[in-house]
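Just so it is clear: chains get the letters A, B, ... in the order the sequence lines come, proteins before strands, and each one is counted from 1.
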Amino acid sequence: MTHKEHEHAHAHIGPATYYKIFAALMVLMFLTVGAWWVETVVEIPRALGVFIALVIASTKTVLIVLFFMHIKVSSRVVQLYAIAALFGLLFLFVITMGDYIARGWPPQLGPLP
Amino acid sequence: MATTALPGHNYLQDDASTVGAWFKSWFLTVDHKRIALLYLLSINVFFLLGGLAATVIRVELITPQGDLLSADLYNRAFTLHGIIMVFFFLIPGTPAVLGNFLVPLMIGARDMAFPRLNLFSWYLYMAGGLFALTAAIFGGVDTGWTFYTPFSSTYANSNVILTIAGAFIMGFSSIATGVNFIVTIHTMRAPGMTWFRLPLFIWSSYATSLIIVLATPVVGITLLLVAIERIWGVGIFDPALGGDPLLFQHLFWFYSHPAVYIMILPGFGVISELIAAFSRKRVFGYEFIAFSSMAIALLGFLVWGHHMFVSGQSVYAGLVFSFLTMLVAIPSAIKIFNWTATLYKGSISYRTPMLYALGFMGLFVIGGLTGIFLGIVAIDIHVTDTYFVVAHFHYVMVGGAIMAYLGGIHYWWPKMTGRMYSEVWGGISALIIFVGFNMTFFPQFVVGYLGMPRRYHVYPEEFQVLHVLSSAGATILAIGFIIPIIYLTLSLWTGKEAGNNPWDATGLEWQVSSPPPTHNFLEIPVVTTEAYAYAPDAAEQDAANWRPGSPL
Ligand code: HEM
Ligand SMILES: [Cu+2]
């Protein structure tokens, strides 16, 4: 960030950062594949496997949103919109899961392991 | 084209000397006003096509037997009707036509923030429409506009993919318009145009855009998943493949309930403008109306499960959705009460747009209140998937959204074209529409309550009276829709010149000439007053000066 003084007018992210983020994403991709591989050889609870996969995927998403989509250097309103979208997703997931968990599943098919 | 010259240099005039240049000046225009006219024409064509499908449905339902269409063809007819009306008329309708034309004018800007994106959104809309129409020409779709799985993803052997592609592309057109509105309203307001001086149409367009931007991507992905399951057999929604059909309903209604507010919120905005202008008063409770739009945008995201009460969703989820549904009706009620309070002691003039606004208020109340009936689980279990639901949503979508759209078109027509239309025909057709509408859809509440299921082309004899009544009403309604097309078109040649402000209304759009100059404002205006700044005694003065035959 060389033009500190103009940061508001045209804040931008340099190529060096892009490459670093790209490298991080590649590492995370290998982690995803690695986690799948580990799951095929080692016996771990399914919930834990899903949790780990979700953590890795969310990390990737956050990196992309913050850097590639410029949210980190955007104005407050744009950041607010990004957060609003997250809240939208939260509503979708929480309420839908609420239905799934409270549904009258037969015990042998329960929604959670 | 005009018999008498319209004022100065306006956006409709062409300097184009060749046909090619003329085409370019319209089809590559980045002027928000011209884009609005492109949308006006194309959206109305889709409305007529959707109306044609509706005619086929109503003709079939005149007799209890299926004598015009087979069951399969009937499925395709109502699906075509639903898809065209929802995705290609109601959702883009008011925002893309009136919103595109008015947002920059109302906030004192020279254009949208992203004029090229604006043009692009029209091309996306046309491309989406082309896909949907191609699907219809090559046999159509039989899933209903809701594309429920696993029927749509596995069993239907009609043009599901093509249609889904059409809706998917059209979604991006919506998003482009929404983003454009949000950025324009945030960044391009004229000096002095603070948030609380904005016309209420702008507030409602803003709330609509918020919903569009947050909800539309979800339906896009959902439709894509249906296509993926259909093409590659990946198990997402089909239980036979390990998927879950209710997941589709969750995802679909997560968009489609907010989408009903995409259809009605811009209409609310139009009604606020009309009620103020024709009562000659500031809208009562301005802030409440503004914030109720935002509240609807937020709460609208929390109630989708009221479409799934009988789907097998958890009864506890149903309970919560039922309760939240009661909440979402509150902001709509706030608006209705405030408009009614605005009328009180106003100087009301029954010009054509006001007739639509008053019709809207009555019909939307019926539609909204029957929505509350449906939101109560015990009642919904009795009437879900019957004509009662059909009547409910037509009261809000036709009686609400289309009435507001027509009212808005009549109100801003002089601004868009520079000419007045025949007030007599305007009033007559508004009344015909009101009568035809009620005659079409009120019997559907009754027949639905008595047990007539939706989406069936044969029915027991005892329902015939009500169905015939409904089809007869639809004929009247159709006549009511065709008359405005005729007199509005004629007005382009024969209409009186409107002048800048034919309704004597407030608002920046009325301060520029009609039709507005290409860049809207020769000088960017400075705003010093609140919206709807009618003199406090404007209503009383009007009443005192009124003589039989005076125009306002
Ligand atoms: C006042 C607030 C409203 C409430 C409480 C409400 C409630 C409901 C409920 C509970 C249903 C489901 C009925 C069933 O399938 O059994 C429904 C269906 C529907 N509503 Fe509303 N509604 C409201 C306003 C609106 C508005 C403003 C629109 C559109 C402009 C709309 C459009 C629809 C549509 C299209 C359906 C049927 C969807 C389908 O199954 O094809 N509603 N409404
Ligand atoms: Cu709904």
A side-chain contact here means heavy atoms from C-beta on lying under 4.5 Å apart; do Ile182(B) and Tyr81(A) qualify? yes
At a 4.5 Å cut-off on heavy atoms, which part of Leu246(B) comes close to chain A: side chain, backbone, both, or neither? both
Tell me, out of Val218(B), Asp244(B), Leu210(B), who's got the most heavy-atom pairs with chain A below 4.5 Å. Asp244(B)
Strictly distance-based, threshold 3.5 Å: is any side-chain N or O of Asp99(A) a donor or acceptor partner for the main-chain N or O of Ser314(B)? yes
In terms of relative ring orientation, are Tyr100(A) and His250(B) parallel, tilted or perpendicular, with 30° and 60° separating the classes? tilted
For Leu298(B) and Phe91(A) the tightest heavy-atom approach is CD1-CE1, 4.3 Å
Should we say atom CE of Met29(A) is surrounded by more than 12 heavy atoms from elsewhere, each under 6.0 Å from it? yes
For Phe87(A), does the CZ atom have more than 12 heavy-atom neighbours from other residues, nucleotides or ligands under 6.0 Å away? no
For Phe301(B) and Leu92(A): C-alpha separation, side-chain torsions, deciding distance, then whether side chain to side chain contact (heavy atoms under 4.5 Å, CB included) applies. CA-CA 8 Å; Phe301(B) 276 102; Leu92(A) 176 62; over 6 Å; no
Look at atom CZ of Phe151(B) and say whether more than 12 heavy atoms of other residues, nucleotides or ligands are closer to it than 6.0 Å. yes
Other residues, nucleotides and ligands only: do more than 12 of their heavy atoms fall within 6.0 Å of CZ on Phe51(A)? no
Dump the intermediate steps for side chain to side chain contact (heavy atoms under 4.5 Å, CB included) on Thr96(A) and Trp304(B), then the final yes or no. CA-CA 10 Å; Thr96(A) 304; Trp304(B) 75 83; 3.5 Å; yes
Other residues, nucleotides, ligands: >12 heavy atoms within 6.0 Å of Trp195(B) CH2: yes
